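Down below is the structure, laid out as structure tokens.
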Amino acid sequence: MHKDNQPLVFELTKEGRTGYSLTPLDVPEVALTDILPTAFIRQEEAELPELSELDLMRHYTALSNRNHGVDSGFYPLGSCTMKYNPKINESVARFPGFAHIHPLQDESTVQGAMELMYDLQEHLVEITGMDEVTLQPAAGAHGEWTALMMIRAFHEANGDVQRTKVLVPDSAHGTNPASATVAGFDTVTIKTAENGLVDLADLRTKVGEDTAALMLTNPNTLGLFEEDILEITDIIHSVGGKVYYDGANLNAVMSKVRPGDMGFDCVHLNLHKTFTGPHGGGGPGSGPVGVKADLIPYLPKPVLVKTAEGFHFDYNRPQSIGRVKPYYGNFGINVRAYTYIRTMGPDGLKAVTEFAVLNANYMMRRLEPYFELPYKQHCKHEFVLSGSRQKKLGVRTLDIAKRLLDFGYHPPTTYFPLNVEEALMIEPTETESKETLDEFCDAMIQIAGEVETNPEIVQEAPHTTVINRLDETRAARTPILRYTKA
Ligand SMILES: *Cc1c(COP(=O)(O)O)cnc(C)c1O
């Protein structure tokens with residue numbers, strides 16, 4: 001329900017008004033019927049809004065003011081790492097030498113851009129402990145799939161075609177089993193033990209000659225570090241499988257411990273999470289993949305190499321899984337990540353990790369008396385609360401998330417991971433001040449109190465937003481495809 005009368009752009013329409021002007025045509029006019037089959041040509045005028053440029057700007061500015069982003073407020077969306085994106089990244093990505101080049105330009109004219117990509121790869125090799133990195137994949141899930149295709153090519157090259165299974169813990173991000181399926185594998189779910197870590201006994205019963213790979217996030221999506229990681233990677237290697245590290249979020253390990261040293265064979269990174277690329281509605285992602293030596297022949301081509309003459313794209317890679325993205329990845333996001341890594345330096349990145357972990361533990365201990373904490377040990381960069389206590393009083397995690405909107409916060413991730421009842425997954429990130437963390441905790445504590453004394457205010461939230469509670473699924477199930485005047 002709308003509580004104000006911000007009109008739709010169609011309602012602002014005044015016939016004949018326009019927000020653009022074109023210079024007069026200086027080439028012969030071409031009829032649509034000359035270039036398109038009539039079946040594809042619109043028979044009626046499209047119903048488009050007619051507005052002046054200023055009215056249109058005001059309309060979108062008004063809408064943008066209702067949006068929530070990291071630049072407007074705290075955004076503790078667990079697993080998504082909604083940290084601040086430094087504005088220097090934007091300035092550098094807009095340097096004309098980066099922004100105005102074309103991927104089809106001759107290599108000799110874009111040596112600087114190629115050097116940046118090469119250097120970024122080298123930094124990511126260092127951060128992950130891998131032997132080589134590709135920047136091609138466009139986002140995290142795409143990186144997962146790319147790595148799995150390489151693992152598949154590796155096993156096939158060894159005649160190991162019976163390796164059809166990919167093991168995935170039940171706490172894993174949903175993209176893990178999805179990527180494994182798209183790469184042509186069957187997924188096998190591994191249980192989480194009482195302590196929130198991989199159930200080693202369950203893992204042992206499920207590995208074998210048919211194991212292609214294990215996909216693991218460490219710290220896992222409960223925010224807990226897999227202490228038996230060396231044993232886990234050994235178990236998989238002992239049967240000839242590969243171990244894949246979901247490094248979407250590196251905020252708890254960067255400059256502290258490296259996937260390569262934990263025994264992983266490959267890793268993907270989300271530069272749009274840990275390395276401050278804007279994401280969500282903010283732009284495209286970047287999901288580089290790092291591999292150990294025996295997977296290098298399968299890297300997507302072309303591979304960026306450094307020669308005596310300069311940087312060069314090498315297409316002569318007979319065992320490559322092929323190209324996974326047009327051109328060379330989302331270059332602009334890679335420039336932003338490179339800028340971030342260079343401005344932070346090794347000590348800065350270590351501080352990021354330490355503050356991300358400190359902030360999460362600080363909030364977890366402040367909230368522990370008020371919400372069920374299923375796993376009591378110290379967490380890494382994020383932690384998961386359960387709304388099970390509140391559920392007994394008739395208030396669900398969804399209600400708590402909606403109530404947080406009244407305090408001006410983007411809610412945490414809810415109902416994930418799946419193995420926690422009424423989960424609330426909180427990731428504060430290192431870029432938030434103690435004051436912000438405290439204000440958010442105060443709001444959560446107030447809500448916990450309301451659940452006991454005045455549950456309706458939580459159940460019926462939000463009250464202060466432009467639109468009250470929405471039907472969670474209706475917009476997806478019955479989209480409005482066309483505006484018709486009432
Ligand atoms: C975000 C995330 C992904 C997927 O990344 P996308 O860029 O959204 O495809 C995978 N795994 C984990 C743990 C994540 O947090």
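Indexing begins at 1, ligand by ligand and atom by atom, following the structure's order. When a residue number appears, it is its place in the shown sequence, counting from 1. None of the values given here were measured: they were computed from a predicted structure.
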Any chance the side chains of Asp314 and His312 put a donor and an acceptor closer than 3.5 Å?
no
Taking atom types as modelled, is there a side-chain donor on Thr192 or Asp170 under 3.5 Å from an acceptor on the other?
yes
Atoms of ligand 1 under 4.0 Å from any heavy atom of Ala248, numbered from 1 in the order shown, are 2 (C), 3 (C), 10 (C), 11 (N), 12 (C), 13 (C), 14 (C), 15 (O)
So the atoms of ligand 1 within less than 4.0 Å of a heavy atom of His272 turn out to be 7 (O)
Please verify whether a non-hydrogen atom of [X] lies at under 4.0 Å from ligand 1.
X      : answer
Asn249 : no
Glu144 : yes
Lys273 : yes

The reported gap from OG1 in Thr353 to CG in Leu250 (rounded to nearest 0.5 angstrom) is 7.5 Å
Taken to the nearest 0.5 Å, the spacing of Met254 CE from Ile341 CD1 works out to 8.5 Å
- request: Measure centre to centre between the rings of Phe225 and His378, then say whether the value is under 6.0 Å.
  value: no
Do any nitrogen or oxygen atoms of Ala141 lie less than 3.5 angstrom from nitrogen or oxygen atoms of ligand 1?
-> yes
**Report entry** Any N or O of Ser79 closer than 3.5 Å to N or O of ligand 1
**Finding:** yes
In this structure, atom 6 (P) of ligand 1 is nearest to the protein heavy atom Gly140 N, 3.5 Å
When Val253, Val267, Val291, Val289 are each screened for side-chain contact (heavy atoms from CB on, under 4.5 Å) with Thr128, the one that passes is Val267
Atom 13 (C) of ligand 1: of Asp246, Leu271, Asn270, the nearest heavy atom sits on Asp246
Practice prompt. Take Ser79 and Glu427, measure what side-chain hydrogen bond (donor to acceptor under 3.5 Å, both in side chains) needs, and give me the verdict at the end.
Written response: CA-CA 7 Å; Ser79 192; Glu427 179 182 4; 5.9 Å; no
